[in-house]
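Read the structure below first, then the notes.
Every value quoted in this text rests on a predicted model; they were computed, and no experiment measured them. Scope of the values below: all heavy atoms of this structure, side chains included, with no hydrogens, waters or symmetry mates. Each chain gets a letter, A, B and so on, in the order the sequences are listed, and its residues count up from 1.
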Amino acid sequence: MESGQIALTEVPEVELERPRDPSHGDWSTNVALKSAKLAEQSPRALAEIIAEGIAGHADVSAVEVAGPGFINLRLSDAALQRVVGQVREAGGDWGRVDLGRGRRVQVEFVSANPVGPMHVGHGRWAALGDSMAAILAHAGWSVEREFYVNDAGVQMDIFAKSVAARYLELSGRTVEFAAEWYQGAYITEIAREIVADEGDRWVAAPASEREAYFREKAYAQVLEHLKGVLHGMGCDFDVWFSERTLHAPGSDGLSDVDRAIAKLTEAGYIYEADGATWFASTKLPEWGDDKDRVLRKADGDLTYFAADIAYHEDKFERGFDRVINIWGADHHGYVARMKAACAALGHPGQLDIVIGQLVTLLRNGEVVRMSKRTGEMVTFEELLDDVGADAARYFFLRRSTDQPLDFDIGLAKEQSSENPVYYVQYAHARICSILRKGAGTPETDESVADTAVRLTAGGADLSLLADPAELTLLRKLAELTEVVEDAADALAPHKLAHYAEDLAASFHQFYTLCHVLDDDPALRAARLQLVDASRIVLATVLGLIGVSAPERM
RNA sequence: GCGCCAUUAGCUCAGCGGAUAGAGCGUCCGGCUACGAACCGGGAGGUCGCAGGUUCGAAUCCUGCAUGGCGCACCA
């Protein structure tokens with residue numbers, strides 16, 4: 001345009017991207033294809049003019065016009081070699097971007113009812129939510145992880161009755177066990193502990209007193225258990241939010257739920273009909289709910305939805321700019337009403353709900369049917385014990401959330417050495433081994449990070465990193481920034497897992513083709529720096545997906 | 001009946017408007033007297049569910065259909 005060869009009054013949306021085929025260069029743009037019509041030139045002619053303008057930039061070694069009018073750019077070796085220093089200076093901050101600009105986001109996930117063990121689906125949400133939170137933090141958001149504890153409502157009562165029934169049985173009474181009660185063996189276990197602690201002193205107590213006591217005792221125990229299992233896979237929450245607090249009256253006698261309904265009333269979204277209180281979801285058609293929803297039933301009880309509205313209002317009152325919920329696909333029918341409710345409360349579009357498709361557990365190729373009520377289930381805890389936290393987390397994360405997951409227990413165990421997670425971890429362990437050997441301390445207990453600092457203190461001439469395998473690895477190291485951006489934008493941790501595998505592959509190829517501990521001290525020094533940069537990026541990526549980066553394995 | 005998600009290599013899945021559709025597993029052939037072979041290289045294998053449409057360009061967007069999963073309570 002400056003040279004007067006192109007006349008454009010507006011510029012269409014164009015893309016600058018990394019081509020799939022590396023022979024097309026490091027970057028490719030379709031600007032000429034997009035602008036051809038407006039510029040009244042053929043795409044190729046336009047591309048030639050633009051390409052001429054780009055050629056000569058210091059970091060660009062080649063520009064070419066290809067295909068229908070793509071412009072392909074190739075970075076200079078020097079630009080790539082600089083990545084080593086950038087990575088080593090940034091350390092664990094490499095790949096950080098600022099999409100969030102410091103805004104606060106809350107990620108709420110798992111939120112399993114505290115009335116029994118978690119199922120394997122909860123494992124998926126745990127891996128997903130924890131990683132998503134880490135990625136968002138790396139992308140510049142201020143993140144909090146939250147677990148919503150459903151400690152109010154009828155399932156708690158059923159839970160209490162179930163434990164009480166088992167307690168009475170253990171104390172020698174005959175009990176008619178209702179069909180809707182929980183039948184899992186863990187219920188009996190809890191009852192057994194109460195017997196051990198307190199004997200039969202509750203046998204003669206009134207049922208209501210007994211159940212009230214058991215509810216609290218059993219609930220506290222289960223909650224601690226959930227925390228322990230989640231902690232065991234490296235998943236820790238900042239906040240455990242109790243549903244009961246929403247129902248508790250404040251100093252003005254009103255509960256959070258009362259106040260949320262009042263706020264909606266003021267906004268004009270509440271009406272009474274058939275003796276019940278309704279939320280006029282259909283007054284907000286853009287959120288897609290197809291009918292209005294009851295908040296207070298004709299019998300005076302609140303619905304779960306009423307509490308959930310109060311809960312979300314509470315989240316926004318706590319100052320979050322954005323709220324993300326991770327739900328199983330069996331709750332997707334709930335999405336529209338929840339978004340409509342948030343909009344009605346004055347927070348339109350600030351709630352994102354990630355729907356994870358369900359996990360089907362297979363054993364020897366056969367579906368394991370599970371039911372919390374009947375107690376036939378393989379718990380998440382058992383699965384963790386079987387396959388290990390690293391493999392479980394990686395397995396849960398590796399595919400996109402809208403893809404159902406078949407988890408074959410036998411396969412996961414049998415193929416554990418074939419699991420891609422080991423491929424990535426092996427690359428890291430291999431790097432650590434090279435660094436130790438390079439420093440002449442193969443048996444040291446020193447952390448590899450310290451070894452690396454000592455080993456590379458003398459600096460290096462990075463222009464020696466010119467082998468195609470080295471340049472490929474450098475390109476891959478540089479890519480993390482975009483991957484983080486992509487993954488944060490799409491709320492898609494699986495993109496990090498795939499990147500980790502790509503990076504590990506690039507490293508293994510480099511290792512095969514380029515001898516690091518070379519006799520030439522200059523080449524050796526340069527390659528050691530590249531190896532260390534690879535270690536840093538690999539460890540960072542593994543950290544983002546919540547998998548350990550072992551120095552030996 | 002309505003809604004959400006899916007359908008891509010033998011299997012499990014990426015890719016989600018661009019240039020010859022990719023990876024792992026499986027299969028066939030090759031590579032350790034150098035830093036970890038839990039590794040690397042190569043081959044075979046695909047009308048991207050079907051039919052229309054939009055576009056300079058469609059696995060990718062739109063419509064319809066088929067198949068599968070999950071939902072459609074004054075349950076939680």
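Taking 4.0 Å as the cut-off between side-chain N and carboxylate O, A/R244 and A/E216 count as a salt-bridged pair. A salt bridge is defined here as a Lys NZ or Arg NE, NH1 or NH2 lying under 4.0 Å from an Asp or Glu carboxylate O, and A/R527 with A/E470 meets this definition. With respect to the salt-bridge test (charged N to carboxylate O, under 4.0 angstrom), the residues A/R398 and A/E501 qualify.
As a whole-Å value, the separation of A/Y499 OH from B/rA23 P is 19 Å. Distance, A/N419 CG to B/rC13 P: 14 Å, rounded to whole Å. Atom CG of A/D502 is separated from atom C1' of B/rG15 by 12 Å (rounded to the nearest Å). Taking atom NE2 of A/H508 as the reference point, atom P of B/rA23 lies 16 Å away to the nearest angstrom. Regarding A/Y394, its OH atom lies at a distance of 18 Å from the P atom of B/rA38, rounded to whole Å. One interatomic measurement links the two molecules: CD1 of A/I434 to C1' of B/rC39, which rounds to 11 Å at whole-angstrom precision. Residue A/L405 contributes atom CG, which lies 14 Å from atom C1' of B/rA6 at whole-angstrom precision. A straight line from CD of A/Q403 to P of B/rC4 spans 18 Å, rounded to a whole angstrom.
Across all strands shown, B/rA19 remains unpaired; no Watson-Crick or G-U wobble contact has both distances below 3.5 Å. Look at B/rC61: its Watson-Crick or wobble partner, with both distances under 3.5 angstrom, is B/rG53. Both distances falling under 3.5 Å, in either a Watson-Crick or a G-U wobble arrangement, occur for no nucleotide opposite B/rC35. With both pairing distances under 3.5 Å, B/rG10 is matched to B/rC25 as a Watson-Crick or G-U wobble pair. Partner assigned to B/rC70 is B/rG3, using Watson-Crick or G-U wobble distances below 3.5 angstrom. In this structure, B/rG46 makes no Watson-Crick or G-U wobble pair, since no nucleotide meets both defining distances under 3.5 angstrom.
Checking A/Q509 against A/T472 by side-chain atom types alone, no donor-acceptor pair falls below 3.5 Å. Side chains of A/H247 and A/D256: a donor-acceptor N/O pair is absent below 3.5 angstrom, by distance only.
With sequence neighbours excluded, the residues forming a salt bridge (charged side-chain N to carboxylate O under 4.0 Å, His left out) with A/R88 are A/D532, listed by chain and number. Every residue meeting the side chain to side chain donor-acceptor pair (under 3.5 Å) condition with A/D292, not counting sequence neighbours, appears here in chain and number order: A/Y271, A/T282. When the salt bridge (charged side-chain N to carboxylate O under 4.0 Å, His left out) test is applied to A/D151, no partner is found at least two apart in sequence or on another chain.
A gap of 48 Å separates the C1' atoms of B/rA38 and B/rA51, to the nearest Å. Using atom C1' as the reference point in both B/rC50 and B/rA66, the two lie 7 Å apart (nearest Å). One P atom belongs to B/rC4, the other to B/rC13, and the distance between them is 23 Å to the nearest Å. Distance check on atom C1': B/rG43 versus B/rA6 gives 33 Å, rounded to whole Å. The same atom, C1', is picked in B/rU47 and in B/rG24; the two are 25 Å apart, to the nearest Å. The C1' atoms of B/rC39 and B/rG52 are separated by 49 Å, rounded to the nearest whole Å. Taking the C1' atoms as reference points, B/rG15 lies 9 Å from B/rU60, given to the whole Å. B/rC29 and B/rA44 are spaced 15 Å apart, taking the P atom of each and rounding to whole Å.
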query: What does nucleotides 26-31 of chain B look like as a protein-contact string, B for base, S for sugar-phosphate only, - for none, at under 4.0 angstrom between heavy atoms?
result: ------

query: When you check every protein heavy atom under 4.0 Å of nucleotides 68-76 of chain B, what one-letter string (B, S, -) results, 5' to 3'?
result: --BSSSBSB

Could you go over nucleotides 17-21 of chain B and give all protein N or O partners under 3.5 Å, atom names and distances?
{"unit_1": "B/rG18", "atom_1": "N7", "unit_2": "A/N30", "atom_2": "ND2", "d": "3.2"}
{"unit_1": "B/rA19", "atom_1": "OP2", "unit_2": "A/R20", "atom_2": "NH2", "d": "3.0"}
{"unit_1": "B/rA19", "atom_1": "N6", "unit_2": "A/S28", "atom_2": "OG", "d": "2.8"}
{"unit_1": "B/rA19", "atom_1": "N6", "unit_2": "A/N72", "atom_2": "OD1", "d": "3.1"}
{"unit_1": "B/rA19", "atom_1": "N1", "unit_2": "A/N72", "atom_2": "OD1", "d": "3.2"}
{"unit_1": "B/rA19", "atom_1": "N1", "unit_2": "A/N72", "atom_2": "ND2", "d": "3.1"}

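Both cation-pi conditions hold for A/R430 and A/Y511: the charged atom is under 6.0 angstrom from the six-membered ring centre and inside a 45 degree cone around its axis.
Other residues, nucleotides and ligands contribute at most 12 non-hydrogen atoms within 6.0 Å of the CG atom of A/D519.
Considering CZ of A/F109 and CG of A/L128, their distance stands at 8.5 Å, rounded to 0.5 Å. Here A/M338 contributes atom CE and A/W287 contributes atom CH2; the two are 12.0 Å apart, rounded to the nearest 0.5 Å. Atom-to-atom distance recorded for A/T245:OG1 and A/D314:CG is 7.0 Å, nearest 0.5 angstrom.
Contact annotation for A/C432: no contact, since no heavy-atom pair falls under 4.0 Å across all strands. Residue A/A427 is classed as having no contact, given no heavy-atom separation below 4.0 Å to the nucleic acid.
For A/R399, the listed nucleotide lying nearest its side chain is B/rU12; candidates were B/rU12, B/rC35, B/rU7. Of the candidates B/rC39, B/rA14, B/rC5, B/rC5 carries the atom nearest the A/D402 side chain, counting heavy atoms from C-beta on. The side chain of A/Y422 approaches B/rA38 more closely than any other nucleotide in the set B/rC13, B/rC40, B/rA38.
A donor-acceptor contact shorter than 3.5 Å is absent between the side chain of A/N113 and the backbone of A/V115.
Projected onto RNA chain B by closest heavy-atom contact, A/R552 and A/T401 fall at different nucleotides, the more 5' of which corresponds to A/T401.
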